[in-house]
Amino acid sequence: MTPLHNRMIQPPHKPDTSDNLEQRLFRGTPPAFTPNLAVRTGLGSTPFAARRIPAATNCCYVARQFTRETLRRWDLHPICDDTVQVASELVANAVRHGRNRTTRSGSPQAAVWLAFALRPRTLLCVVRDPSRLQPRLTCPAPLAERHRGLPIVNALSTTWGWTDDRQTNGKSVWARLSLPEA
């Protein structure tokens with residue numbers, strides 16, 4: 001079982017052996033059914049960190065703090081600001097639009113999770129929520145205060161997308177950020 005430290009999942013580091021699994025998972029193939037987020041999303045084979053995000057008014061604060069802490073631990077200071085913004089926008093969307101209104105907020109089915117996986121040339125940011133509602137990239141009106149999250153994610157990430165999880169009635173919205181040149 002994956003150890004739980006300070007409400008974060010930290011599986012032991014194992015070398016990455018299959019980029020094919022990652023490509024399959026993020027093109028819509030339903031992952032295996034398991035309560036372990038790392039196994040379910042196929043991210044447990046790389047440096048990985050995940051945290052359950054409360055569906056509360058401080059959700060973005062929690063996401064930003066977790067993102068900063070994770071990137072500091074992985075020595076990824078050059079992409080910290082962009083990653084914090086991407087994670088915050090994806091979490092805000094998941095909490096605002098991704099929660100099932102009929103599910104109790106404390107139940108496992110209502111959980112919003114933020115996860116990071118360090119890949120060879122990119123950092124993968126994944127936010128999982130219990131809704132199957134597809135995210136839509138729209139162009140907001142010039143003075144609009146809402147609907148700016150996905151355009152920000154689109155601008156700051158190399159690529160982004162989403163995966164429907166039919167077995168657990170939810171979805172994962174993900175974004176890739178390029179790692180700085182070594």
Side-chain angles (χ1 to χ4, degrees), residues 1-27 31-32 34-56 58-95 98 111-129 135 149-163 165 170-182:
M1 177 155 169
T2 303
L4 184 64
H5 298 287
N6 192 18
R7 294 180 305 226
M8 296 184 296
I9 298 173
Q10 295 293 323
H13 174 69
K14 296 178 185 172
D16 183 21
T17 57
S18 173
D19 282 333
N20 187 28
L21 174 64
E22 178 186 354
Q23 290 172 354
R24 239 184 340 106
L25 287 171
F26 292 108
R27 288 195 180 132
T34 174
N36 186 323
L37 180 69
V39 172
R40 190 171 63 238
T41 58
L43 301 176
S45 63
T46 66
F48 177 84
R51 188 182 196 294
R52 185 176 180 160
I53 303 296
N58 69 337
C59 64
C60 289
Y61 172 78
V62 171
R64 287 189 293 265
Q65 292 300 103
F66 173 68
T67 302
R68 282 188 193 100
E69 180 181 315
T70 301
L71 270 58
R72 182 176 36 84
R73 191 171 56 245
W74 291 347
D75 198 27
L76 293 175
H77 304 287
I79 63 168
C80 187
D81 291 340
D82 287 352
T83 307
V84 166
Q85 189 66 40
V86 167
S88 182
E89 296 297 342
L90 292 178
V91 165
N93 284 348
V95 170
V112 171
W113 283 87
L114 171 61
F116 294 100
L118 191 56
R119 308 302 289 174
R121 291 180 295 278
T122 61
L123 175 69
L124 184 62
C125 173
V126 181
V127 175
R128 200 249 179 246
D129 67 60
L150 286 179
I152 290 171
V153 170
N154 189 50
L156 295 177
S157 62
T158 305
T159 185
W160 72 276
W162 67 282
T163 302
D165 186 352
K171 71 174 174 304
S172 296
V173 182
W174 54 270
R176 292 180 185 276
L177 290 101
S178 294
L179 294 179
E181 295 295 323

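Atoms considered below: every heavy atom in the structure, side chains included; atoms not considered: hydrogens, waters and symmetry mates. Computed from a prediction, not measured in an experiment: that's the story for all the values here.
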Student: Among all residues two or more places apart in sequence or in another chain, which pass the side chain to side chain donor-acceptor pair (under 3.5 Å) test with Asp81?
Tutor: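 Scan of Asp81 (side chain to side chain donor-acceptor pair (under 3.5 Å), adjacent residues dropped) gives none.
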
Student: Mind checking what makes side chain to side chain donor-acceptor pair (under 3.5 Å) contact with Arg72, not counting sequence neighbours?
Tutor: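 Testing Arg72 for side chain to side chain donor-acceptor pair (under 3.5 Å), a comparison that skips the adjacent residues, returns none.
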
Student: From the options Thr70, Val86, Asp82, Leu179, select the one residue that forms a side chain to side chain contact (heavy atoms under 4.5 Å, CB included) with Leu123.
Tutor: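 Option passing the side chain to side chain contact (heavy atoms under 4.5 Å, CB included) with Leu123: Leu179.
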
Student: Please give me the minimum heavy-atom distance between Cys59 and Val91, naming the atom from each residue.
Tutor: O-CG1, 4.0 Å

Student: Does the side chain of Leu118 reach to within under 4.5 Å of the side chain of Leu76, using non-hydrogen atoms?
Tutor: yes

Student: Any chance you could measure Leu71, atom CG, to His77, atom NE2, to the nearest 0.5 Å?
Tutor: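 Here the rounded value is 8.5 Å.
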
Student: Give me the atom names and distance for the closest heavy-atom approach of Phe48 to Trp74.
Tutor: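 What the structure gives for the nearest pair is N-CZ2, 3.7 Å.
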
Student: If you look at every heavy atom in Trp113 and Arg51, which pair is closest and at what distance?
Tutor: CE3-C, 3.2 Å

Student: Distance check, rounded to the nearest 0.5 Å: Leu177 atom CG versus Ile79 atom CD1?
Tutor: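 The CD1 atom of Ile79 is 5.5 Å from CG of Leu177, to the nearest 0.5 Å.
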
Student: List the residues meeting side chain to side chain donor-acceptor pair (under 3.5 Å) with Ser178, not counting sequence neighbours, and say none if there are none.
Tutor: Thr158

Student: Do Val62 and Pro54 have side chains that get closer than 4.5 Å, going by heavy atoms?
Tutor: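 With C-beta onward as the side chain, the pair touches.
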
Student: We want to know whether Gln85 and Glu89 form a side-chain donor-acceptor pair, criterion being a heavy-atom distance below 3.5 angstrom.
Tutor: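 Side chains of Gln85 and Glu89: pair found under 3.5 Å.
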
Student: Verify side-chain contact (heavy atoms from CB on, under 4.5 Å) between Leu90 and Leu150, making sure each step is shown before the conclusion.
Tutor: CA-CA 8 Å; Leu90 292 178; Leu150 286 179; 4.2 Å; yes

Student: Would Arg128 and Ser172 count as a side-chain contact (heavy atoms from CB on, under 4.5 Å) here? Give the steps.
Tutor: CA-CA 4 Å; Arg128 200 249 179 246; Ser172 296; 3.4 Å; yes

Student: Can you sort out the partners of Ala87 under side-chain contact (heavy atoms from CB on, under 4.5 Å), two or more places apart, ordered by chain and number?
Tutor: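 If we apply the side-chain contact (heavy atoms from CB on, under 4.5 Å) test to Ala87, skipping adjacent residues, the hits are Thr67, Leu114, Phe116, Cys125.
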
Student: Looking at residues at least two apart in the chain, or sitting in another chain, which of them share a side chain to side chain donor-acceptor pair (under 3.5 Å) with Asn58?
Tutor: none

